Amino acid sequence: MLRALDLRFRYRDDGLWVVDGASLAVKPGEAVAIMGPSGTGKTTLLHLLCGLFLPVEGEVWLQGAQLSAFSDRARSRIRLERFGFVFQFGELVPELTVLENVALPLMLAGRPRREAERRARDQLDALGVGRYGSRRVAEISGGEAQRVAIARALVHDPDVVLADEPTGALDEATSERVIESLVDPTVRGNTALVVATHDSLVAEAMDRVLVLVDGMLKER
Amino acid sequence: MRTVRRLRGVVGLGLRTIRGRAGSLGPALAAITGIALATFVVLALLSARNVADGYRDRITARSPVESTSVADAVFTRTVAKVGQQMLTVFAVAGDTDPPPGLDEFPRPGQIYASPALVDEATRNPDLAELLTGRDVRQIGPIGLTDPGELLAWVGVDRGELVNPSGLRGFGTSDALPPYLRETGWMVFLGASAAAVLLVPLALIAGAAGRVNASLRERRLAALRVLGLSRFRAALIPLTELSILAFVGASAGAVVFGLASGVIGDGPVFGVSFFPEDARLTVSTVGSVVAFVSLYTVAVGFLPTLRAVATPTTTRPSLAVRRARRWPMVILVATLLLLTLLAALPEDWAVAAQAGGLYLIQLGFVVGLVGGLSSLVGWVASKTARRATRVETLLAARRLEVDPGSATRYLLGLAVMLFAVIAVGAFLDGLSGAPQFEAEVRAQQYAGGKQLVRVEHVPPGRDLREALGSADVVRAVLPVVDGYDAASGEERSPVLLADCPSLRELARIDIAACPEGPVLIPEPEFGGFVGPDLPEPDPGMSVTFQGAGGEEVTVIPTGFLDLGLEPIDVAGGMVAVDPRAVGIDPGDVDAVEYIAALDPSPEAAERFALRLLGAAPGSRLFVPGEAGISGSRELSWVSRYLGILLALGAVLVFVSVAVVGLQLTVGRPTRALVAIGAPTRVLRRVEMLILMFPAVVGLTIAIGGGFAMSLAAGKTLGVKASLGRPLVVYVVALGASGLLAALGARRVTQAGDSVFEGED
């Protein structure tokens with residue numbers, strides 16, 4: 001489903017290679033962890049996988065289509081419809097309610113607000129945070145916010161979910177609940193999951209664990 | 001002592017942070033520019049007030065004091081238009097002390113003219129008639145209102161003055177024109193100018209304080225952790241603000257001084273004044289610099305304190321803050337009050353205002369500044385609930401949470417617009433008010449001609465040739481006194497005119513004139529000709545003195561309606577064909593003429609100048625010309641105010657917008673970009689965030705401004721007009737759109753770069 005071949009990337013022409021020959025293949029329903037210490041380029045790799053950044057060298061393929069062949073606008077559309085994102089701090093839109101945050105990808109894709117909110121409500125209920133729908137992001141806890149972020153990532157049935165340190169700001173008990181919320185629906189829904197993390201608890205819940213070392217991915 | 005030492009430490013820290021702030025010079029420069037501009041405008045306003053005072057004093061000093069008893073000297077005053085300017089001619093006779101600026105009291109044949117008049121006469125042959133054949137001397141500056149004034153004192157024989165007034169000296173305010181005596185409109189304009197100026201200055205100060213605090217929030221936070229109180233932490237950005245305020249105010253004063261030196265005695269944007277009138281003392285300039293500096297610091301203190309407590313960049317992550325209700329209540333209440341006053345009948349409105357209008361105006365401005373963002377937040381909240389489009393939802397929710405950031409862009413503009421609309425609509429109305437009526441009324445041209453009446457003395461002097469030679473004059477007909485031969489009592493005046501001449505006067509078609517003398521009926525019969533009119537009294541006869549001094553008696557034989565206005569002819573005037581009674585009209589001792597002119601203001605203007613040249617002591621009646629005296633000053637006031645408003649607009653745009661834009665850099669668009677929100681959506685959201693408050697704020701501002709001008713107009717008998725101010729509204733909305741587009745572009749450009757440099 002998602003395939004990356006010999007990716008190389010650096011931020012400036014004369015800078016160091018942050019990603020240097022990384023390759024990866026993820027199947028539908030498979031959960032993969034990318035581990036590595038801070039500053040090794042895990043987040044940059046996720047941005048390359050979703051087409052937010054274009055690699056200097058190498059290719060990213062999603063279901064037979066090469067991402068770099070598309071315009072920026074088309075890649076935005078692909079991100080919107082085929083990917084789901086979970087960030088370390090949720091990165092929910094603070095001024096929207098929880099329900100509106102989850103409905104956002106659907107509304108951005110052109111779905112009517114009523115339909116988008118109905119599906120968002122279902123997704124929130126499925127993850128056990130339905131009662132927070134009318135609250136603002138600042139009015140819920142970090143763990144709840146992360147589960148809302150997962151609901152937002154899954155509401156539009158994406159092909160791939162990318163998660164960047166989803167438990168980085170949470171305690172152990174909350175982390176377990178968040179991992180469960182993240183892994184179960186993706187695997188059940190036949191969605192590929194790629195998680196960048198340095199948390200071994202997260203890594204243990206994945207099907208495969210890759211380690212990013214010197215810009216390259218290696219099996220652990 | 002310890003406290004002083006602590007404060008010195010904090011101030012020193014502030015000074016050091018200024019020295020090391022290479023990356024944040026933009027807002028500082030913008031703040032300095034804004035404060036300098038504000039200082040410049042304050043000084044210009046004070047200078048303008050000085051000019052107005054000097055203008056009034058100069059008119060007072062040279063105005064003749066009228067005497068009711070027999071006096072050594074007499075005078076008449078005539079006002080005529082020369083292009084867009086006003087010419088004042090005092091015709092004087094007798095002997096007394098000279099008015100200011102003259103070496104001696106003018107003798108017959110002498111004329112004291114202002115330098116501008118002498119200069120203008122070289123270009124205007126009609127005006128040159130006034131100087132031709134007379135001993136021309138110049139009036140000194142002390143006798144003029146301004147270097148561009150057209151003024152003349154003409155010496156004549158006492159017998160050449162029509163209804164002269166006795167002259168008892170000079171120096172009275174009784175002769176001040178209505179617009180200088182009734183100063184209510186000046187207070188209104190001054191209050192509006194102050195609103196234009198002080199509110200943006202407060203916004204600049206507040207924004208500068210917030211930016212200063214926000215730019216170094218981490219450093220301030222660290223200092224607070226180390227034990228610095230919120231007050232003392234706020235002193236650091238406040239020290240910077242004080243320095244910015246002082247530097248800005250001083251720069252404004254310096255620029256004003258330089259501009260004054262460059263301008264010298266030349267007119268500024270067509271406004272002419274003596275430089276000594278405009279000059280400000282060093283202490284005044286110093287006081288203004290001190291006031292602007294202190295005002296800036298005072299109004300910037302609270303926002304700075306608040307910014308230290310909750311730095312701007314952290315605000316969006318907070319929950320929705322409950323909007324403060326009271327400024328919104330003031331805003332809505334004052335808007336309703338203004339609307340009510342504008343809608344009330346005139347008498348009620350004047351009674352209801354009773355001086356409270358300016359208090360309401362102040363309340364509206366306070367409400368606008370304090371309550372607009374709350375109102376925008378409230379409207380945004382309602383909109384968000386019903387929004388079906390994602391752009392509207394995102395924009396409305398952002399405004400609901402943080403209406404201040406976006407509204408600040410518009411707030412200065414809204415206050416500005418309120419003042420512009422209030423003043424603009426008022427001035428538009430003012431130009432049509434009786435005390436300022438500048439334009440000749442259109443109806444005087446009905447029938448394709450205009451009629452003027454001339455009274456002159458002594459009898460026998462023939463003006464026909466002098467006046468008739470102008471190509472704008474169609475006919476000049478003499479009017480002589482008619483009386484009853486038996487009793488010697490005054491009867492109807494006699495107009496010497498044959499049928500073709502009467503056709504020149506008539507505003508309606510005359511098919512045929514009756515044979516012999518005719519009686520022109522009272523004006524109220526206008527529109528009816530022929531048998532419906534009453535018959536003349538068969539016993540009536542009118543006698544007048546013929547060309548050779550012989551008595552000529554005529555009996556009216558028919559009626560003729562010329563459709564004339566009362567000012568053109570006296571009712572019941574007898575028209576006599578001079579050939580029928582064997583008279584040469586050129587030889588008659590006429591003391592009054594009626595002239596038919598081409599239908600244009602220029603024709604009346606040229607005729608008046610020729611008349612002044614030939615007989616300066618005569619009186620001219622031109623329908624519709626009653627109020628020309630204020631037109632020049634009104635255009636000055638409009639122009640000067642326009643300049644001030646434009647400066648205020650620049651002040652708002654340059655400072656608040658630039659400082660405000662600085663606040664939005666790095667807003668969290670990260671999540672939206674990452675999940676694939678299209679660029680056009682982001683751009684629309686940013687545009688909506690700016691346009692939404694623009695539509696709400698500017699509409700309230702224009703509504704308030706127009707209601708204010710209507711209400712103020714009722715007190716002063718002026719009917720405000722919404723025409724041109726509406727153009728300002730559209731321009732303001734356009735400017736907001738431009739700002740919005742710029743802001744949206746910044747977000748678009750931010751794009752992927754918000755992710756650079758991450759893990």
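Just so we're on the same page: letters track the sequence lines, and every chain starts at 1. Keep in mind the model is a prediction, meaning the values are calculated, not measured.
The residue among Thr388(B), Leu393(B), Val681(B) with the most heavy atom pairs within less than 4.5 Å of chain A is Leu393(B).
For the side-chain contact (heavy atoms from CB on, under 4.5 Å) with Met206(A), the lone residue among Val194(A), Val195(A), Ile34(A), Thr197(A) that qualifies is Val195(A).
Residue Arg389(B) touches chain A through its backbone alone, counting heavy-atom pairs closer than 4.5 Å. Of the two parts of Ala396(B), neither the backbone nor the side chain holds a non-hydrogen atom closer than 4.5 Å to a non-hydrogen atom of chain A. Interface remark: Val137(A) contributes no atoms to any contact with chain B (heavy atom separation under 4.5 Å). Interface remark: Glu81(A) contributes no atoms to any contact with chain B (heavy atom separation under 4.5 Å).
Of all heavy-atom pairs between Leu162(A) and Cys50(A), the closest is CD1-CB, 3.5 Å.
Thr97(A) and Tyr132(A) are not linked by any side-chain donor-acceptor pair at a separation below 3.5 angstrom, with hydrogens and angles left out of the test. Between Gln63(A) and Arg82(A), the side chains place a donor N or O and an acceptor N or O closer than 3.5 Å (distance only, hydrogens not considered).
The structure places OG1 of Thr392(B) at 8.5 Å from CE of Met107(A), a figure rounded to the nearest 0.5 Å.
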